[in-house]
Undergrad: 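I'd like to ask some things about the structure below.
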Amino acid sequence: MDTEAVRSFVRAAELGQLRHAADELGVTQQAVSKRVAALERELAVRLFTRTARGVDLTLDGQAFLPHARGVVAHADRGVAAVRPASRAPRVDVLGLRSAQAVLLHDYWRSRPGVDLDVVTLRVDDPHRVAAAVAAGYLDAAFRTVTDPATLPPDVRMVHAFDSPLELLVGPRHPLAAAPTLTPPELRRHRIWVPGIVAGSEWAEFYDQLAAAFDLRVDAAGPNFGTEVLLDALADSADLATLVGARDRYLWPPGHDLRRIPIVRPTLAYPISLLLPADPHPGLRPIIDHLASLPPLSEPVWRPSWPRFTPAAVRGHAAGDRRLGCRQWT
């Protein structure tokens, strides 16, 4: 099996477009298309369906993807075995506009010359991401498995940082003029978060948040993307949504959207980091950077899932029973 064909398939699956995969791999789109076609002939199945937006995985493609990642990971580990420390740490973020990506960008800008490989897996189930960490395809992933007992044996989860939430509304919303808001003031207002995926960490977060403060979190309708959501907020007098304070959103000036901090208590989304038992040495300064962030103003509400501190990863020697992570050297 051609490893580069498998790599082309993996990147096309994760990026959703053959052109983007070609740009990342430094080849032509035609080369990626030929590699994928050759792989499909070898496997005797179709891996993708072509759409106006790019490519979507078939059921066979979905079944093959985790194994393909393993093939790529094994090949990369073989190369790394003869070129030690030649690869930048590969870190998965939920999205390139997310707080995780913003903070990683801040870290990279503050350290000229540091190499970093930031990827975005098109996966909602955190267990599949944890499997990618266990297989060595990822060095770390900003995902939360809310029941740590279900993590792979060689993957550990540490708390990275807390992301405070803000209410995002259009100019005609009744709360648009508020400088800050408390959770009780959000009651009876429709908080629209379209496309919440059952079984995802954010589904559990919103379930706990709604129950804790009697909020109306509406997940109705498909998720057509950030731009469509922002357009809907700008045109509505009653829609609102929740965003992370560090999440990066851009909208036309005419939208006049308002980001309103939520206080007393601050609503915090805990961001976790999945790590292998023997972390990439390039991850330690990243975790130190995250640990240097200022704490949130108390009081703070967080969901009930377990939290681990980066200090635990940095400070414990080999064989730590609680985290199972070896100390960096």
Side-chain angles (χ1 to χ4, degrees), residues 4-41 43 45-69 72 90-98 100-102 105 117-126 128-129 132 137-138 141-143 168 192-203 218-236 239 241 243-244 247-252 255 257:
E4 290 310 306
V6 178
R7 188 186 304 277
S8 296
F9 160 72
V10 169
R11 295 310 290 141
E14 291 168 350
L15 296 172
Q17 291 194 12
L18 298 182
R19 176 171 59 84
H20 291 168
D23 290 343
E24 182 173 299
L25 295 171
V27 298
T28 65
Q29 180 175 336
Q30 184 181 25
V32 170
S33 182
K34 287 182 176 179
R35 290 175 181 178
V36 171
L39 188 60
E40 289 177 326
R41 286 194 299 272
L43 297 173
V45 297
R46 289 188 63 189
L47 299 172
F48 290 122
T49 56
R50 273 64 173 178
T51 69
R53 293 177 301 168
V55 291
D56 287 332
L57 287 169
T58 64
L59 291 177
D60 288 322
Q62 293 176 33
F64 183 61
L65 181 57
H67 303 287
R69 287 183 176 134
V72 174
R90 182 177 296 130
V91 184
D92 164 62
V93 298
L94 278 173
L96 296 179
R97 294 178 176 174
S98 67
Q100 308 103 302
V102 171
H105 184 237
D117 184 7
V118 179
V119 300
T120 303
L121 297 191
R122 296 158 56 89
V123 174
D124 295 316
D125 184 355
R128 292 175 62 188
V129 181
Y137 179 72
L138 297 172
F142 283 100
R143 304 294 180 109
L168 182 63
W192 190 38
V193 188
I196 294 178
V197 179
S200 64
E201 63 183 83
W202 50 92
D218 182 3
N223 180 9
F224 284 104
T226 300
E227 287 74 15
V228 172
L229 175 61
L230 298 178
D231 290 345
L233 293 173
D235 292 338
S236 174
L239 282 183
T241 195
V243 297
D247 294 347
R248 182 183 290 118
Y249 291 95
L250 300 175
W251 53 80
H255 278 19
L257 300 183

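Numbering starts at 1 and runs along the sequence shown.
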Undergrad: Give the minimum heavy-atom separation between Ser8 and Ala21, together with the two atoms involved.
TA: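 Looking at all heavy atoms of both residues, the shortest contact is O-CB, 4.4 Å.
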
Undergrad: Could you list the residues that satisfy side-chain hydrogen bond (donor to acceptor under 3.5 Å, both in side chains) with Ser98, not counting sequence neighbours?
TA: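 Expected list: Gln100.
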
Undergrad: Can you name the residues that form a side-chain contact (heavy atoms from CB on, under 4.5 Å) with Val119, not counting sequence neighbours?
TA: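 Val119 satisfies side-chain contact (heavy atoms from CB on, under 4.5 Å) with Arg11, Arg90, Asp92, Asp117, Leu138 once adjacent residues are dropped.
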
Undergrad: Tell me whether the count of non-hydrogen atoms from other residues, nucleotides or ligands lying under 6.0 Å of CZ in Arg53 goes above 12.
TA: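 Result for CZ/Arg53: open.
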
Undergrad: Looking at Ala101 and Val93, what are the two nearest heavy atoms and their distance?
TA: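 Scanning both residues, the minimum pair turns out to be N-CG1, 4.1 Å.
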
Undergrad: Please tell me if the side chains of Val6 and Arg35 come closer than 4.5 Å, counting only heavy atoms from C-beta onward.
TA: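 No; the side chains remain at least 4.5 Å from each other.
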
Undergrad: Below 4.5 Å, heavy atoms only, C-beta onward: do Leu65 and Phe9 meet side chain to side chain?
TA: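 Side chain of Leu65 against side chain of Phe9, heavy atoms only: contact under 4.5 Å found.
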
Undergrad: Should the pair Glu24-Arg7 be classified as a salt bridge under the 4.0 Å nitrogen-to-oxygen rule?
TA: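 Arg7 and Glu24: not salt-bridged.
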
Undergrad: Is Leu257 close to Tyr249 at the side-chain level, that is, under 4.5 Å between some pair of heavy atoms?
TA: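 Side chain of Tyr249 against side chain of Leu257, heavy atoms only: no contact under 4.5 Å found.
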
Undergrad: A side-chain contact here means heavy atoms from C-beta on lying under 4.5 Å apart; do Thr58 and Phe48 qualify?
TA: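 No, every pair of side-chain atoms sits at 4.5 Å or beyond.
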
Undergrad: Backbone N or O of Val10 within a donor-acceptor pair of the Arg69 side chain at under 3.5 Å?
TA: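 Looks like no, no N/O pair under 3.5 Å.
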
Undergrad: Contact between His255 and Asp231 at the side-chain level, heavy atoms closer than 4.5 Å - yes or no?
TA: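 A side-chain contact under 4.5 Å exists here.
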
Undergrad: Ignoring hydrogens, what is the shortest heavy-atom contact between Leu18 and Ala12? Give both atom names and the distance.
TA: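 Minimum heavy-atom contact is CD2-CB, 3.7 Å.
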
Undergrad: Any non-hydrogen side-chain atom of Arg97 less than 4.5 Å from a side-chain atom of Asp247?
TA: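 Contact flag for Arg97/Asp247 side chains = no.
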
Undergrad: Tell me the closest heavy-atom pair linking Gly221 and Pro194, and the distance in Å.
TA: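 Smallest heavy-atom distance, with atoms named: O-CB, 3.9 Å.
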
Undergrad: Any idea which heavy atoms bring Arg248 and Leu96 closest together, and the distance?
TA: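 That closest heavy-atom pairing would be NH1-O, 4.0 Å.
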
Undergrad: Could you state the interatomic distance from CD1 (Ile196) to CG (Asp124), rounded to the nearest 0.5 Å?
TA: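 Atom-to-atom, Ile196:CD1 and Asp124:CG are 11.5 Å apart.
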
Undergrad: On a heavy-atom basis, which atom in Val129 and which in Ala141 lie closest, and how many Å separate them?
TA: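 Taking every non-hydrogen atom into account, CG1-CB, 3.4 Å.
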
Undergrad: About how many Å separate CD of Glu201 and CG of Asp125, when rounded to the nearest 0.5 Å?
TA: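 Here the interatomic distance stands at 10.5 Å.
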
Undergrad: Just wondering, do Leu39 and Phe64 contact through their side chains at under 4.5 Å, heavy atoms?
TA: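 Side-chain contact under 4.5 Å: yes.
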
Undergrad: Start with the C-alpha distance between Arg128 and Arg143, add both sets of side-chain angles, then the distance that settles side-chain contact (heavy atoms from CB on, under 4.5 Å), and finish with yes or no.
TA: CA-CA 10 Å; Arg128 292 175 62 188; Arg143 304 294 180 109; over 6 Å; no

Undergrad: Quick one: which of Leu239, Leu229, Val243 gives a side-chain contact (heavy atoms from CB on, under 4.5 Å) with Leu168?
TA: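 That would be Val243; it is the only one of Leu239, Leu229, Val243 passing the side-chain contact (heavy atoms from CB on, under 4.5 Å) with Leu168.
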
Undergrad: Side-chain contact, heavy-atom cut-off 4.5 Å: Phe142 with Leu94?
TA: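 The answer is no; the side chains never approach within 4.5 Å.
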
Undergrad: Please check if the side chain of Thr241 supplies one atom and the backbone of Val193 the other of a donor-acceptor pair under 3.5 Å.
TA: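 Such a contact is absent between Thr241 side chain and Val193 backbone.
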
Undergrad: Report the distance from atom CG of Leu47 to atom CG of Leu59, rounding to the nearest 0.5 Å.
TA: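 Atom-to-atom, Leu47:CG and Leu59:CG are 11.5 Å apart.
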
Undergrad: To the nearest 0.5 angstrom, please state how far the OG1 atom of Thr28 sits from the CG atom of Asp23.
TA: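 It is 10.0 Å, given to the nearest 0.5 Å.
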
Undergrad: Starting at CG of Leu250, measure out to CD of Glu227 and round the result to the nearest 0.5 Å.
TA: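 Reported value, rounded in 0.5 Å steps: 9.0 Å.
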
